[in-house]
Structures are given as C-alpha cells and as structure tokens.
Student: 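I'd like to ask some things about the structure below.
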Amino acid sequence: MRILVVGAGAIGGYFGGRLLQAGNDVTFLVRPRRASELASAGLVIKSSAGDVTLKNPPTVQADKLTEKFDVVLLSCKAFDLEDAIRSFAPAVGPQTSIIPLLNGMLHLNVLDQKFGADRVLGGLCAIAVTLNEAREVVQLAPMQSLNFGERDGSMSERVRAIATVFDSGKFGAVASEHILRDMWEKWVFLASLAASTSLMRTSVGNILAVAGGKDFLLGMLDECSAIAKASGYEPSGPFFQRTAGLLTTEGSPMTASMFRDIKAGLPVEADHVIGDLVARADAAKIPVPKLRIAYTHLKAYEMQRG
C-alpha cells in the first residue's frame with residue numbers, strides 16, 4: 001500500500017514517521033525547505049513511545065508529483081486546505097482513499113466537491129505533538145490515536161486493509177464504524193476548549209479559579225453539545241462526562257492550540273472550528289451567546305493580524 005503523507009510537520013511527521021519506521025511504503029509531500037531539512041538531518045521523532053531518526057525519508061515536491069497513491073493522509077490546517085488540495089491532487093486516482101485529520105466538518109464538503117465523496121473517508125487524531133526549534137517532531141504527552149472510517153458506518157475492505165497497515169505504526173489506529181460521531185465529539189471538545197481559553201486568554205485552571213469560571217466553561221460545552229445534537233450527533237454520556245471533567249479540573253494548565261497560536265501571532269481556524277458551529281446554531285435556531293462572543297473575538301484577532 002502506497003501512502004502519501006501531505007506535509008512532514010508535527011502531525012504528519014509523527015504518524016507518517018511511525019508508518020515509515022514500521023517498514024511501510026510512505027512518501028512525504030513537502031515544500032523545498034522541509035525537503036532540505038529531511039535530507040540533511042532525517043525525520044527525527046522524540047517521544048516517550050520511543051525516539052527514532054529516519055535517515056533520508058522519501059519525499060516529493062508538488063511540481064514533481066505524478067504517481068498515484070493508495071492512501072493520502074492529510075493533516076494541514078483548515079486555512080491551508082486549498083493549497084494542500086492543489087499540491088496533492090495529481091496523486092489521487094480512481095482507487096485512492098483520502099483520510100483528512102482536520103478539525104470540524106467543513107473540509108469534508110471541500111474535499112467531496114473536488115474528489116468525490118467516495119474517495120473521502122472520515123478521520124481524526126488525538127495527539128500532543130510539535131516541531132521544536134531543531135525541526136524535530138516532539139511528542140508532548142503519551143496519548144496518541146488516529147481514528148478513520150467510512151462515513152456511512154460500514155466496515156469496508158479498504159478500511160480493513162488500511163487498518164492492517166496503520167496497526168503496524170503502533171499509534172492507536174482505530175477503524176471506526178461511527179467516524180462522524182467521533183469527529184463531532186472531538187469537535188465539541190475542541191471548540192469548547194478553544195473558544196474558552198482563546199476568549200479568556202488563559203488556562204482552564206485559571207478560568208475555574210475566578211467567580212463564574214466553572215459556569216462559563218460548562219456553558220460553552222452545553223452550547224457546542226446542543227449544536228451537535230441538532231445536527232444528529234448528540235454526544236454520548238461517557239464523552240460528555242469525560243469532557244466536563246477535563247473542563248472542571250482545578251489547577252489544570254490545559255489550553256487549546258488555538259490560544260497558543262494567538263499568543264504567537266499565528267493564523268487561527270476561527271471559521272472552521274468556531275464559525276461553522278455558530279452558523280449551524282443559527283440554522284437550528286439555537287442560542288449560543290458565549291460561542292458567538294468567542295467567534296467575534298477570533299475574527300477581531302484575524303482583522304488585527306491583517
């Protein structure tokens with residue numbers, strides 16, 4: 001099975017690197033700078049699950065991409081999606097399966113329109129990973145998983161085949177028969193955390209430590225959950241309790257990557273992660289005052305960035 005990993009940053013570098021380490025046929029679609037870094041230093045992963053340096057990992061640049069691949073693993077940010085699609089489009093053939101790991105749901109519509117819904121699986125990952133100053137992939141916490149599956153809930157032959165390959169990477173691959181629910185639950189958690197910590201510009205623990213903080217965090221979770229329910233994907237009881245627990249852990253240093261991006265002056269996925277939820281709430285006539293304020297805040301931040 002030939003796998004094209006779009007990008008070799010934190011997420012693509014980790015999951016693609018583990019697959020390559022296991023002996024699979026993996027190629028990274030990268031820009032010239034990253035190609036040079038990988039050629040000189042290799043793909044370096046530092047992790048409690050085991051460090052590895054993969055010398056001269058196979059790479060290709062967009063202008064040289066002509067061959068078709070069996071799987072395209074897509075882990076870009078939402079605001080880079082259109083550029084990413086242009087770069088990997090030549091690799092998509094009649095039998096290619098695209099596994100996007102983006103947050104939210106809007107990207108599914110974009111990918112469906114470009115490649116056809118039959119080529120686009122559902123997907124998500126849960127991992128805390130970053131590129132350090134040496135451009136090494138550093139895993140920040142032990143958790144790691146990658147869920148994927150047919151969006152109609154079937155367990156197809158292609159999903160079984162991909163699962164066999166992904167299992168070799170030992171990163172918690174799950175072939176899911178309810179991938180859309182999985183994606184919605186991750187979206188609810190991520191949006192609740194991102195909207196709260198970005199709006200308040202601080203951690204969950206600091207929000208909880210002030211008057212009204214707990215009600216604010218749980219209110220944000222309630223709003224996001226109500227949108228999911230109206231969309232036909234009511235979060236399960238265990239998920240809701242687990243998420244509520246994370247958002248009410250006193251002293252928690254947890255923040256969203258969106259908040260960290262704001263602190264660094266970087267672009268954020270305001271429309272994809274928060275704005276789309278507000279739009280769905282409006283369509284379902286669900287009041288979401290907290291989420292709406294958070295969205296306005298993020299759009300003002302984007303305006304400030306220029």
Student: Within the 4.5 Å heavy-atom criterion, are Asn103 and Trp187 side-chain neighbours or not?
Tutor: no

Student: Would you check if the side chain of Asn24 reaches a backbone N or O of Val26 as a donor-acceptor pair within less than 3.5 Å?
Tutor: no

Student: Could you state the interatomic distance from CD (Glu177) to CZ (Arg181), rounded to the nearest 0.5 Å?
Tutor: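 So the CD of Glu177 and the CZ of Arg181 are separated by 11.0 Å.
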
Student: Let me confirm one number: the OG-CZ distance from Ser203 to Phe259, rounded to the nearest 0.5 Å.
Tutor: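 Taking OG in Ser203 and CZ in Phe259, the distance rounds to 8.0 Å.
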
Student: Side chains of Arg18 and Ile45: closer than 4.5 Å at any heavy-atom pair?
Tutor: yes

Student: Using modelled atom types and a 3.5 Å cut-off, is there a donor and acceptor pairing between side-chain atoms of Ser75 and backbone atoms of Leu101?
Tutor: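 Here the side-chain-to-backbone pair does not exist.
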
Student: Kindly compute the distance separating CZ (Arg135) from OG (Ser40), expressed to the nearest 0.5 Å.
Tutor: 11.0 Å

Student: Between Leu121 and Ser97, what is the shortest heavy-atom contact and its length?
Tutor: CD1-CB, 4.2 Å

Student: Donor-acceptor pair, Asp271 side chain versus Gly275 backbone, under 3.5 Å?
Tutor: no

Student: What verdict does the side-chain contact (heavy atoms from CB on, under 4.5 Å) test give for His297 and Tyr301, after you've listed the backbone C-alpha separation in whole Å, the side-chain angles of each residue and the deciding distance to 0.1 Å?
Tutor: CA-CA 6 Å; His297 174 72; Tyr301 164 75; 5.5 Å; no

Student: Heavy-atom count check: over 12 atoms from other residues, nucleotides or ligands less than 6.0 Å from Gln95 CD?
Tutor: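 It does not: Gln95 CD has 12 such atoms or fewer within range.
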
Student: Treating Ser47 as the side-chain partner and Ala49 as the backbone partner, does any N or O pair qualify as donor plus acceptor under 3.5 Å?
Tutor: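 The answer is yes, because a donor-acceptor pair under 3.5 Å joins these two groups.
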
Student: Please check: side-chain N/O of His272 versus main-chain N/O of Gly104, any donor-acceptor pairing under 3.5 Å?
Tutor: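 No; judged by distance alone, with no hydrogens or angles, the pair does not exist.
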
Student: Give the intermediate values and the outcome of side-chain contact (heavy atoms from CB on, under 4.5 Å) for residues Ser257 and Lys77.
Tutor: CA-CA 12 Å; Ser257 59; Lys77 292 284 192 179; 4.3 Å; yes

Student: Below 4.5 Å, heavy atoms only, C-beta onward: do Val288 and Leu277 meet side chain to side chain?
Tutor: no

Student: In terms of heavy-atom contacts, does NZ of Lys229 have more than 12 from other residues, nucleotides or ligands at under 6.0 Å?
Tutor: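 No, the 6.0 Å shell around NZ holds no more than 12 heavy atoms from other groups.
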
Student: Has the side chain of Asp70 got a donor or acceptor atom that lies under 3.5 Å from a matching backbone atom of Arg2?
Tutor: yes

Student: Could you pull out the closest heavy-atom pair between Val72 and Val6, with the gap in Å?
Tutor: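 Smallest interatomic distance, heavy atoms only, reads CG1-CG2, 3.7 Å.
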
Student: Would you name the heavy atoms of Ser198 and Met258 that are closest together and state the gap between them?
Tutor: OG-CG, 3.6 Å

Student: Please report the C-alpha distance between Leu180 and Tyr233 in whole Å, then the side-chain angles of each, then the deciding distance to 0.1 Å, and finally whether the side-chain contact (heavy atoms from CB on, under 4.5 Å) criterion is met.
Tutor: CA-CA 8 Å; Leu180 289 181; Tyr233 296 95; 3.2 Å; yes

Student: Report yes or no: do Ile162 and Leu146 belong to one cluster of Ile/Leu/Val/Met/Phe/Trp/Tyr joined by side chain heavy-atom distances under 4.5 Å?
Tutor: yes

Student: Quick check for you: to the nearest 0.5 Å, what is the distance between Asp276 atom CG and Tyr295 atom OH?
Tutor: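 That separation rounds to 9.5 Å.
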
Student: Quick one: closest heavy-atom pair of Glu185 and Phe239, and the distance?
Tutor: O-CZ, 2.9 Å

Student: Give me the atom names and distance for the closest heavy-atom approach of Met254 to Leu246.
Tutor: CE-O, 3.5 Å

Student: Ion pair present between Glu150 and Arg158, side-chain N to carboxylate O less than 4.0 angstrom?
Tutor: yes

Student: Does the pair Glu37/Arg34 count as a salt bridge with the N-to-O cut at 4.0 Å?
Tutor: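 Salt bridge between Glu37 and Arg34, a charged N being under 4.0 Å from a carboxylate O: yes.
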
Student: Over all heavy atoms of both residues, which pair between Ile286 and Ala230 is shortest? Give the atoms and the distance, please.
Tutor: CD1-CB, 3.5 Å

Student: When rounded to the nearest 0.5 angstrom, what distance separates CG in Leu43 from CG in Leu38?
Tutor: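 CG of Leu38 is found 6.0 Å from CG of Leu43.
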
Student: Do the side chains of Leu4 and Val60 get nearer than 4.5 Å, heavy atoms only?
Tutor: yes

Student: Report the residues that fulfil side-chain contact (heavy atoms from CB on, under 4.5 Å) with Ser225, sequence neighbours left out, ordered by chain and then residue number.
Tutor: Val188, Leu221, Pro235, Phe240

Student: Are Phe28 and Val138 joined in one hydrophobic group, where the rule is that I, L, V, M, F, W and Y side chains link up if heavy atoms are under 4.5 Å apart?
Tutor: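 In one cluster with Phe28: Val138, no.
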
Student: Group every Ile, Leu, Val, Met, Phe, Trp and Tyr by side-chain heavy-atom contacts under 4.5 Å, then state whether Ile227 and Leu106 land in the same group.
Tutor: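 No, because Ile227 and Leu106 fall into different hydrophobic clusters, even though each may have its own neighbours under 4.5 Å.
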
Student: Can any side-chain N or O of Lys68 pair as donor or acceptor with the backbone N or O of Pro90 at less than 3.5 Å?
Tutor: yes

Student: Would a 4.5 Å heavy-atom cut-off, applied to side chains only, mark Leu19 and Phe171 as touching?
Tutor: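 SC-SC contact between Leu19 and Phe171 confirmed.
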
Student: Could you tell me whether Lys290 and Asp215 have a side-chain N and a carboxylate O separated by less than 4.0 Å?
Tutor: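 Not counted as a salt bridge, because no side-chain N and carboxylate O are separated by less than 4.0 Å.
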
Student: Take atom CZ in Arg31; do more than 12 heavy atoms of anything else shown fall under 6.0 Å from it?
Tutor: no

Student: Enter the distance from Leu124:CG to Trp184:CH2 here, rounded to the nearest 0.5 Å.
Tutor: 14.0 Å

Student: Under 3.5 Å, is there a donor-acceptor pair between the side chain of Arg260 and the main chain of Thr255?
Tutor: yes

Student: Does Val92 share a hydrophobic cluster with Val71, counting links as ILVMFWY side-chain heavy atoms below 4.5 Å and allowing steps through other members?
Tutor: no

Student: If Ile, Leu, Val, Met, Phe, Trp and Tyr residues are connected whenever their side-chain heavy atoms lie under 4.5 Å apart, and connections chain through other members, are Ile3 and Ile127 in the same group?
Tutor: yes

Student: Going through the distances and angles, do Asp25 and Met1 end up as a side-chain contact (heavy atoms from CB on, under 4.5 Å)?
Tutor: CA-CA 7 Å; Asp25 185 348; Met1 181 178 291; over 6 Å; no

Student: Is the shortest heavy-atom distance from the side chain of Leu108 to the side chain of Arg151 under 4.5 Å?
Tutor: yes

Student: Between Asp261 (side chain only) and Val268 (backbone N and O only), is there a donor and an acceptor less than 3.5 Å apart?
Tutor: no

Student: Between Asp182 and Ser176, do the side chains contain a donor N or O and an acceptor N or O under 3.5 Å apart?
Tutor: yes

Student: Can you sort out the partners of Ala89 under side-chain contact (heavy atoms from CB on, under 4.5 Å), two or more places apart, ordered by chain and number?
Tutor: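 Partners of Ala89 under the side-chain contact (heavy atoms from CB on, under 4.5 Å) test: Lys114, Phe115.
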
Student: With distance as the sole test, does Ser168 use its side chain to make a donor-acceptor pair with the main-chain N or O of Thr164 at under 3.5 Å?
Tutor: no

Student: Checking side chain to side chain contact (heavy atoms under 4.5 Å, CB included) between Leu74 and each of Ile11, Ile99, Leu81, which is the one that passes?
Tutor: Leu81

Student: Is the closest side-chain heavy-atom distance between Thr248 and Leu217 below 4.5 Å?
Tutor: no

Student: Going by salt bridge (Lys or Arg N to Asp or Glu O under 4.0 Å), name the residues that satisfy it together with Asp118, two or more places apart in sequence or in a different chain.
Tutor: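 So Asp118 forms no salt bridge (Lys or Arg N to Asp or Glu O under 4.0 Å) with any residue.
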
Student: Given side chains that start at C-beta, do those of Leu65 and Ser87 come closer than 4.5 Å, heavy atoms only?
Tutor: no

